[in-house]
Amino acid sequence: MNGDACVPLRTERLTLELRLQSLEINPMQEETHIHLGTVYFEMGEEHYVDALREENLALEMNPHSKFALFNKALTLKRLKQFIQSEQIFIELSLTDVKDREVHVHLADLYLLQGEFQKAEPYIRRVLELNPADATGLSLLGEMYEQAGKIEMAIETLHQLLKVEPGNIEIYADLANLYKKINNLAKAKECIAHIQRLSSLD
């Protein structure tokens with residue numbers, strides 16, 4: 001259960017080729033650094049530092065760029081620089097209280113550190129925007145699990161199954177939760193669902 005993989009880095013839908021063409025034509029443009037930062041980010045962990053450099057260059061040109069701030073916060077999160085990432089995400093959340101992606105990442109950031117109490121208000125905001133938000137429900141289940149409220153975590157994941165009925169990972173999480181409360185019969189049912197869904201592939 002993780003919010004990070006569910007929300008992509010913010011960027012306009014440009015191909016890699018167009019981004020690089022943009023760099024060649026307008027080497028000093030804010031958008032160029034945002035696009036190039038996205039390219040580096042998508043290339044994986046080895047290039048997160050490069051992505052951060054480009055995001056900082058974009059912010060030098062426009063310190064209030066929401067795109068650059070969001071991307072920088074996400075890159076810092078991946079680099080496990082949680083305090084700096086948190087500060088930027090909080091600033092963005094105050095700018096737009098209905099920004100789902102910011103709330104998701106703040107909640108996930110806190111859960112990564114085991115601070116489930118700090119995560120809760122942001123999870124609630126996501127679910128206020130959409131009670132059937134799959135990422136929000138997943139984060140809520142993880143929050144309950146960290147808080148030791150296993151039965152509430154199980155109930156939440158069953159709600160999530162109504163949104164994503166064929167999701168094998170949810171059944172796997174449920175099986176583990178049932179094992180924690182020694183309900184082996186229910187754990188076996190979840191495993192049977194996993195086997196059935198796997199056979200359909």
With a 4.0 Å cut-off on N to O distance, would you call Lys77 and Asp108 a salt bridge?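 Here Lys77 pairs with Asp108 in a salt bridge, since their nearest N and O are under 4.0 Å apart.
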
Distance-minimising heavy-atom pair for [X] and [Y]:
{"X": "Leu157", "Y": "Ile170", "value": "O-CG2, 3.8 Å"}
{"X": "Ala175", "Y": "Cys190", "value": "CB-CB, 3.8 Å"}
{"X": "Thr75", "Y": "Tyr48", "value": "CG2-O, 3.4 Å"}
{"X": "Asp133", "Y": "Leu127", "value": "O-CD2, 4.0 Å"}
{"X": "Gly136", "Y": "Ile123", "value": "O-CG2, 3.6 Å"}
{"X": "Gly37", "Y": "Ala51", "value": "O-CB, 3.3 Å"}

Can you tell me how far the [atom1] atom of [X] sits from the [atom2] atom of [Y], to the nearest 0.5 Å?
{"X": "Phe41", "Y": "Leu52", "atom1": "CZ", "atom2": "CG", "value": "11.0 Å"}
{"X": "Glu91", "Y": "Lys66", "atom1": "CD", "atom2": "NZ", "value": "10.5 Å"}
{"X": "Leu129", "Y": "Asp99", "atom1": "CG", "atom2": "CG", "value": "9.0 Å"}
{"X": "Glu145", "Y": "Ile150", "atom1": "CD", "atom2": "CD1", "value": "5.5 Å"}
{"X": "Lys186", "Y": "Ile191", "atom1": "NZ", "atom2": "CD1", "value": "13.5 Å"}
{"X": "Tyr178", "Y": "Tyr171", "atom1": "OH", "atom2": "OH", "value": "10.5 Å"}

In sequence, state the C-alpha distance, the side-chain angles, and the governing distance for Phe82 and Lys80, and then conclude on side chain to side chain contact (heavy atoms under 4.5 Å, CB included). CA-CA 5 Å; Phe82 294 137; Lys80 302 190 186 305; 4.1 Å; yes

In the structure I gave you, are the side-chain heavy atoms of [X] and [Y] within less than 4.5 Å of one another anywhere?
{"X": "Val126", "Y": "Thr135", "answer": "no"}
{"X": "Arg124", "Y": "Leu140", "answer": "yes"}
{"X": "Asp173", "Y": "Leu160", "answer": "no"}
{"X": "Val39", "Y": "Met43", "answer": "yes"}
{"X": "Asp96", "Y": "Val102", "answer": "no"}

When the ring planes of Phe70 and His105 are compared, do they come out parallel, tilted or perpendicular, using 30° and 60° as the limits?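 Phe70 vs His105 ring planes: perpendicular.
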
For Tyr40 and Arg53, what are the C-alpha separation, side-chain angles and deciding distance, and is it a side chain to side chain contact (heavy atoms under 4.5 Å, CB included)? CA-CA 10 Å; Tyr40 280 127; Arg53 181 191 66 239; 3.6 Å; yes

Using atom types as modelled and distance alone, determine if a side-chain donor or acceptor of [X] lies under 3.5 Å from a backbone N or O of [Y].
{"X": "His103", "Y": "Val97", "value": "yes"}
{"X": "Glu120", "Y": "Phe116", "value": "no"}
{"X": "Gln146", "Y": "Leu111", "value": "yes"}
{"X": "Ser85", "Y": "Gln81", "value": "no"}
{"X": "Thr156", "Y": "Met152", "value": "yes"}

Starting from [Y], can I reach [X] by hopping between I/L/V/M/F/W/Y residues whose side chains sit under 4.5 Å apart?
{"X": "Tyr110", "Y": "Ile83", "answer": "no"}
{"X": "Leu184", "Y": "Leu174", "answer": "no"}
{"X": "Leu57", "Y": "Leu74", "answer": "no"}

Flag if over 12 foreign heavy atoms under 6.0 Å of [atom1], [X]:
{"X": "Gln117", "atom1": "CD", "answer": "no"}
{"X": "Gln113", "atom1": "CD", "answer": "yes"}
{"X": "Glu164", "atom1": "CD", "answer": "yes"}

Taking only residues two or more places apart in sequence or in another chain, which ones pass side-chain contact (heavy atoms from CB on, under 4.5 Å) with Ala58?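 Ala58 satisfies side-chain contact (heavy atoms from CB on, under 4.5 Å) with Glu30, His33, Ile34, Ala68 only.
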
